[in-house]
Amino acid sequence: MSGEQAQQKQEADTKSGINTIETGADAVIKSLENAGAEHVFGVQGGAIMPVYDALYYSSMSHITMAHEQGAAHAADAYGIVSGDPGVCMATSGPGATNLVTGIADASMDSDPLIALTGQVPTDFVGNDAFQEADTIGVTSPITKANTFADDPDSVGYDVGTAFALAKRGRQGPTLVDLPKDVTNGETSTDPGAPELPDTYNPPEKADSDAVAEAAAALGRAEKPVILAGGGVIKAEASNEIREFATEYDIPVITTMPGTGSFPEDHELALEGAGMHGTGYANMAITVTDCLLAVGTRFDDRLTGGVETFAPDAELIHIDIDPAEISKNIEANYPLIGDAKAVLDQLEDAMSTSPSTEAWVEQCQTWKSEYPLDYAAPDDEPVKPQYIVERFDELTDDDTIVTTGVGQHQMWAWQYWTWHQPRTWVSSHGLGTMGYGLPAAIGAKVAAPDQDVVCFDGDGSFLMTCQELSVAVREDLDITVVILNNDAIGMVRQWQDAFFGERHMASEYPWIPEFDMLAEAFGARGFRIDTYDEVEETIEEALEYDGPSVVDVHIDPGENVYPMVPSGGDNGLFALTEGQL
Ligand SMILES: Cc1ncc(C[n+]2csc(CCOP(=O)(O)OP(=O)(O)O)c2C)c(N)n1
């Protein structure tokens, strides 16, 4: 190392942050630092190199991912766990298009994320230059806002605005496309703290007359239910939900993104409703006469058929985004505003308490009639539900769980007991296989003191398993549990139920030995084939201080129940295939 290199290295190691702004790239990094960002997930490449060069002196750490999709999912999970936008970065062309799945995922789940993409120099745009893609065009439908930076003096503001927009109001992904001449261009402008555009004023409080009417409707109800969506967690309104539910004795159902917003060991918890929700949640949501829905977009996996969804209920819908009101389900009492603020308003406006004693008792009866349950005979392969339960019992309540997409995701959701917000990190709206491992990396970076367990499917793991190299390099203590059924099981389950058992392209005649694959990456690998091996292996994997993979060979024939078929009636959930 030359003397100059050594001095540079020493300066970079002090991580003092950007002190002097000389280029657009410096302004980009300074803007992120001003916003309080601490980590960037990304992959290098030609058009983004000036920005990476500025990162050399930054106080932020950079986690080099194996694939840009991994960078976007890691940043997305970081945003879910920390509440602050996760930052991902990629070069132009394939770097940017590789981010697209992760950005779309964040968009569907309203997760705070900022993507910075390199772009060819402005003069080359439109010439089919090397690694040119129309990133703005491609990401317009899947970002809350995206900007083509056109001036070194304003590029720092563009990044600050994108950061602020990702976090404020209805959260979501934003993107700034950074042409190389702009990031290389001279400027000395410090963008200061991130600022929202003057034109963006997300609502805070709801109209007070509307709140009074909603409070009166709730006071008259005999069978009220609270439906807590992802917006409750995003708005930090979990305490308000708990206080409201407890004060008025109202059972609480959580949507999948709302998981963790209400503790499932509470007697009023009915857990999740919808396609693979609990029988008791689905009974309650079908029979309720007043649904207080908070921060939910009434996704079709939750509602089933809209005609049969909560057919007898008056709907009070609290949401920060007016576009969600009556989009899928007609709202009788729309309350537009921040979930936390509006719940406070509603609480103040309540003059009568609903009398819910008989209703709560009815919900308890459903709980005992339709418990989540599975059979686990000794002479059959290990059941996935048992593995989820044992991990739950052997870890702390604040353990963060990430997942891929498929049956394993549903078993993790159903059989884990959720205690806290920001511990369930999954791909809900987009349903992205491969989300689990990079999400575990992002979650661990956001919360280094919490355990992180990723439940994955063999198919989902194969989509992003290269990110294991990152977990090893960064020495991240995460445990990946593959519920391995030699198949893309959720597809196989649907083929059995709806496609005459024709297993077209859903079974894997050969898959890698995942424990050995883990070891090849430098992680610890474990394998479970029988119940006898479960306890000791789980303990060993959890105790290992670094990334580990537990390849659990589960019963390949196991299916997820309860199930409401797509577009079906939640009240007619099936407990077995024969009932579908
Ligand atoms: C990227 C992507 N491709 C395809 C699908 C369609 N899909 C949904 S679930 C599923 C099966 C997932 O298999 P696996 O990860 O092994 O989990 P399992 O269902 O077996 O638990 C598939 C293919 C998807 N959700 N995401």
Side-chain angles (χ1 to χ4, degrees), residues 67-70 72-73 76 97-109 142 256-257 274-276 299-301 374 381-389 391 401-416 425-440 453-468 480-499 502-514 517 528 549-561 563 565-566 577:
H67 188 291
E68 290 86 354
Q69 183 187 349
H73 291 327
D76 176 81
T97 55
N98 274 350
L99 288 180
V100 164
T101 300
I103 297 172
D105 195 293
S107 174
M108 289 289 266
D109 290 350
I142 53 167
M256 242 171 86
M275 183 173 278
H276 291 298
D299 169 76
D300 55 273
R301 286 292 193 263
Y374 62 96
V382 176
K383 297 290 178 178
Q385 302 92 330
Y386 179 73
I387 298 295
V388 173
E389 284 179 339
F391 266 98
V401 171
T402 74
T403 71
V405 166
Q407 292 179 311
H408 63 279
Q409 176 189 30
M410 296 303 142
W411 289 314
W413 183 51
Q414 292 176 330
Y415 284 90
W416 195 271
V425 180
S426 195
S427 169
H428 309 112
L430 199 65
T432 311
M433 289 170 71
Y435 179 82
L437 173 55
V453 175
C454 164
F455 288 104
D456 226 342
D458 39 325
S460 290
F461 183 69
L462 279 173
M463 290 207 176
T464 53
C465 62
Q466 69 275 17
E467 303 301 342
L468 211 45
V480 179
V481 186
I482 301 176
L483 299 177
N484 186 347
N485 49 10
D486 292 306
I488 43 176
M490 187 58 97
V491 170
R492 202 262 307 127
Q493 174 167 348
W494 280 47
Q495 287 170 331
D496 287 347
F498 311 117
F499 292 87
R502 291 179 295 280
H503 293 176
M504 178 65 204
S506 60
E507 286 169 326
Y508 293 146
W510 184 86
I511 47 170
E513 302 289 340
F514 291 119
L517 187 72
I528 293 176
V549 173
V550 188
D551 182 14
V552 191
H553 288 251
I554 60 162
D555 184 346
E558 191 65 15
N559 283 338
V560 184
Y561 290 102
M563 178 172 185
S566 206
E577 193 180 313

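Whatever order the structure lists them in is the order used to number ligands and atoms, beginning at 1.
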Q) Partners of Ser460 by side chain to side chain contact (heavy atoms under 4.5 Å, CB included), sequence neighbours excluded? A) His408, Met433, Asp456
(Q) Suppose we screen for side chain to side chain contact (heavy atoms under 4.5 Å, CB included). Which residues come up paired with Asp299, at least two apart in sequence or across chains? (A) Arg297, Arg301
Q) Name the residues in contact with ligand 1, where contact means a heavy atom under 4.0 Å away: which are they? A) Val405, Gly406, Gln407, His408, Gly431, Met433, Gly457, Asp458, Gly459, Ser460, Met463, Asn485, Ala487, Ile488, Gly489, Met490, Val491
Q.
Within a 6.0 Å radius of atom CZ on Phe498, are there more than 12 heavy atoms belonging to other residues, nucleotides or ligands?
A. yes
Q) For Glu389 and Tyr374, does a side-chain donor sit closer than 3.5 Å to a side-chain acceptor? A) yes
Q) Under 4.0 Å between a Lys/Arg side-chain N and an Asp/Glu carboxylate O for Lys383 and Glu558? A) yes
Q: Report the residues that fulfil side-chain hydrogen bond (donor to acceptor under 3.5 Å, both in side chains) with Ser506, sequence neighbours left out, ordered by chain and then residue number.
A: Gln495
